[in-house]
Asker: 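Take a look at this one; I'll ask things after.
Since this is a predicted model, take the numbers as computed values, not measurements.
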Amino acid sequence: MAKGLVDKLLDRIFDEKYIGRRGEKLTERELKLIKLFGRDGKILRNVYVPKADGTTSEIDVLFITVKGIFVFESKNYSGWVFGDESSAFWTVSLANGQKNRFYNPIRQNASHIRWLRNAAGSEIPMFSVIVFSERCELKKVVLASDDVKVIKRDRLYYTVKTIWDANPNKLTTEQVENLYAQLVSLCNVDAAVKKKHIDEIQQKYTGKNKSSQMSSAKMPEEPESNAAPTAEERACPHCGAPLVIRTAKRGEHAGESFYGCSAYPHCRYVETIHPN
């Protein structure tokens, strides 16, 4: 059977290295460069950490080092980003005037770290780093905490170096190896566990009100219970999962942003973002 227009578009945009994980992979690539310059560590991607209620919290990227664990939340957006550490939601504004909200990534990563401490040990230092694409502009991002970094990916080396140089060694090389061996099993989960995680997160947004969705590269696990949905929040008309902003990487639409279903590849819905 011939492929439809949507399938052809997705095949051109998402190769096997890109599907749903482009931002995390680029962050991992930067960390490999950091390792070449003497700041060695173990890298893990897509870590499914158990939570107290039996569900999981998915962490984008971990960098396990003698200094502690760097916990990265990756946001592969384009556009202008506005946010405040104390706000429940942040906003990304596209060049065409389209605005979309996404859950505060600082709160999102704080939740990841809370559950990671249960799995790795509360005595291990953990450093929260929110990494945005170089294609975006951090137009107005207000931070109050010294222990949280919000950066663009081209500042990753400098940020890790600064944190590294400011902190004493807390782990031995052997402890790093043991911690890696302990946590790597949380990455090697089967498709059923991954699907269960997606279903659990979707249920938090679609179980009571399908209009209560957020545009985000990965759905957050700790939504504000009193946060009302707005017209900027979009839901997939096919499956009800949040629509997320993606950017075409190849082909004649390269560089253009569009809405895609966050449940891809289970749902292949896409929608063009029309200029105002």
Side-chain angles (χ1 to χ4, degrees), residues 13-15 17-47 59-65 67-85 90-96 99-100 102-110 112-113 126-167 215-218 244-250 253-258 260:
I13 295 171
F14 299 105
D15 61 20
K17 296 181 179 180
Y18 181 81
I19 297 175
R21 301 297 182 188
R22 181 63 174 168
E24 292 95 321
K25 191 165 187 67
L26 290 174
T27 297
E28 179 186 21
R29 186 183 68 182
E30 292 294 321
L31 289 175
K32 288 179 178 178
L33 292 175
I34 290 171
K35 291 176 62 176
L36 292 177
F37 290 91
R39 294 171 179 83
D40 199 14
K42 296 291 187 178
I43 303 171
L44 291 175
R45 284 178 57 206
N46 310 132
V47 185
I59 301 175
D60 287 343
V61 182
L62 293 181
F63 188 38
I64 307 170
T65 74
K67 303 294 182 177
I69 303 177
F70 292 78
V71 184
F72 297 95
E73 174 64 26
S74 184
K75 298 297 183 187
N76 201 31
Y77 293 150
S78 59
W80 289 357
V81 176
F82 301 85
D84 187 285
E85 183 175 344
W90 288 16
T91 301
V92 58
S93 179
L94 300 179
N96 63 10
K99 295 182 180 180
N100 293 274
F102 59 99
Y103 186 61
N104 183 337
I106 296 176
R107 293 190 181 189
Q108 190 173 357
N109 218 30
H112 295 161
I113 290 173
M126 297 190 185
F127 312 105
S128 178
V129 185
I130 314 302
V131 184
F132 281 86
S133 165
E134 296 94 331
R135 294 178 291 104
C136 81
E137 182 70 29
L138 301 178
K139 199 66 175 178
K140 186 178 181 182
V141 175
V142 181
L143 302 180
S145 302
D146 295 330
D147 59 349
V148 175
K149 306 297 181 184
V150 179
I151 62 171
K152 292 167 64 173
R153 194 171 291 113
D154 56 9
R155 299 289 289 174
L156 188 61
Y157 175 83
Y158 173 81
T159 300
V160 171
K161 176 182 181 299
T162 299
I163 296 173
W164 189 289
D165 293 346
N167 288 274
S215 295
S216 156
K218 179 164 65 69
V244 299
I245 300 172
R246 294 189 170 116
T247 303
K249 293 296 183 181
R250 302 185 299 176
H253 298 290
E256 296 180 8
S257 296
F258 66 100

Asker: Do V92 and I245 make a side-chain contact, defined as non-hydrogen atoms from C-beta onward lying under 4.5 Å apart?
Answerer: yes
Asker: Compare every heavy atom of D84 with every heavy atom of N104, then report the nearest pair and how far apart it is.
Answerer: ND2-O, 3.4 Å
Asker: Pick from V47, I113, L44, N46: which one makes a side-chain contact (heavy atoms from CB on, under 4.5 Å) with I59?
Answerer: V47
Asker: Would you name the heavy atoms of K99 and S93 that are closest together and state the gap between them?
Answerer: CG-OG, 3.9 Å
Asker: Just jot down the side chain to side chain donor-acceptor pair (under 3.5 Å) partners of E85, sequence neighbours excluded, or say none.
Answerer: S145
Asker: What's the spacing between W80 CH2 and E137 CD if we round to 0.5 Å?
Answerer: 8.0 Å
Asker: Rounded to the nearest 0.5 Å, how far apart are CG of L33 and CD of E28?
Answerer: 11.0 Å
Asker: Please report, to 0.1 Å, the donor-acceptor pairs under 3.5 Å made by any side chain of residues 34-42, with sequence neighbours excluded.
Answerer:
from, atom 1, to, atom 2, distance (Å)
K35, NZ, G41, O, 3.1
R39, NH1, Y157, OH, 3.4

Asker: Side chains of N109 and S128: is there a donor and an acceptor less than 3.5 Å apart?
Answerer: yes
Asker: Looking at residues at least two apart in the chain, or sitting in another chain, which of them share a side chain to side chain donor-acceptor pair (under 3.5 Å) with T159?
Answerer: none
Asker: If you look at every heavy atom in T27 and L156, which pair is closest and at what distance?
Answerer: O-CD2, 3.8 Å
Asker: Any idea which heavy atoms bring S74 and D60 closest together, and the distance?
Answerer: N-OD2, 2.8 Å
Asker: Sequence neighbours left out, what passes side-chain contact (heavy atoms from CB on, under 4.5 Å) with T162? Give chain and number order.
Answerer: Y158
Asker: Within a strict 4.5 Å, meaning less than it, do heavy atoms of the F72 and L31 side chains meet?
Answerer: yes
Asker: Taking only residues two or more places apart in sequence or in another chain, which ones pass salt bridge (Lys or Arg N to Asp or Glu O under 4.0 Å) with K139?
Answerer: none
Asker: Sequence neighbours excluded, which residues qualify as side-chain contact (heavy atoms from CB on, under 4.5 Å) partners of S133?
Answerer: N76, R135, R153
Asker: Among residues at least two apart in sequence or on other chains, which ones pass side chain to side chain donor-acceptor pair (under 3.5 Å) with D147?
Answerer: none
Asker: How close do P105 and K75 get, heavy atom to heavy atom, and via which atoms?
Answerer: CB-CE, 3.9 Å
Asker: With side-chain contact (heavy atoms from CB on, under 4.5 Å) as the test, pick out the partner of V129 among V71, I163, V61, V160.
Answerer: I163
Asker: Can you see which heavy atom on F82 is nearest to which on W90, and at what distance?
Answerer: O-CB, 3.3 Å
Asker: Can you list the residues that meet the ring-ring contact (aromatic ring centres under 6.0 Å, His included) rule with F70, with sequence neighbours excluded?
Answerer: F63, F127
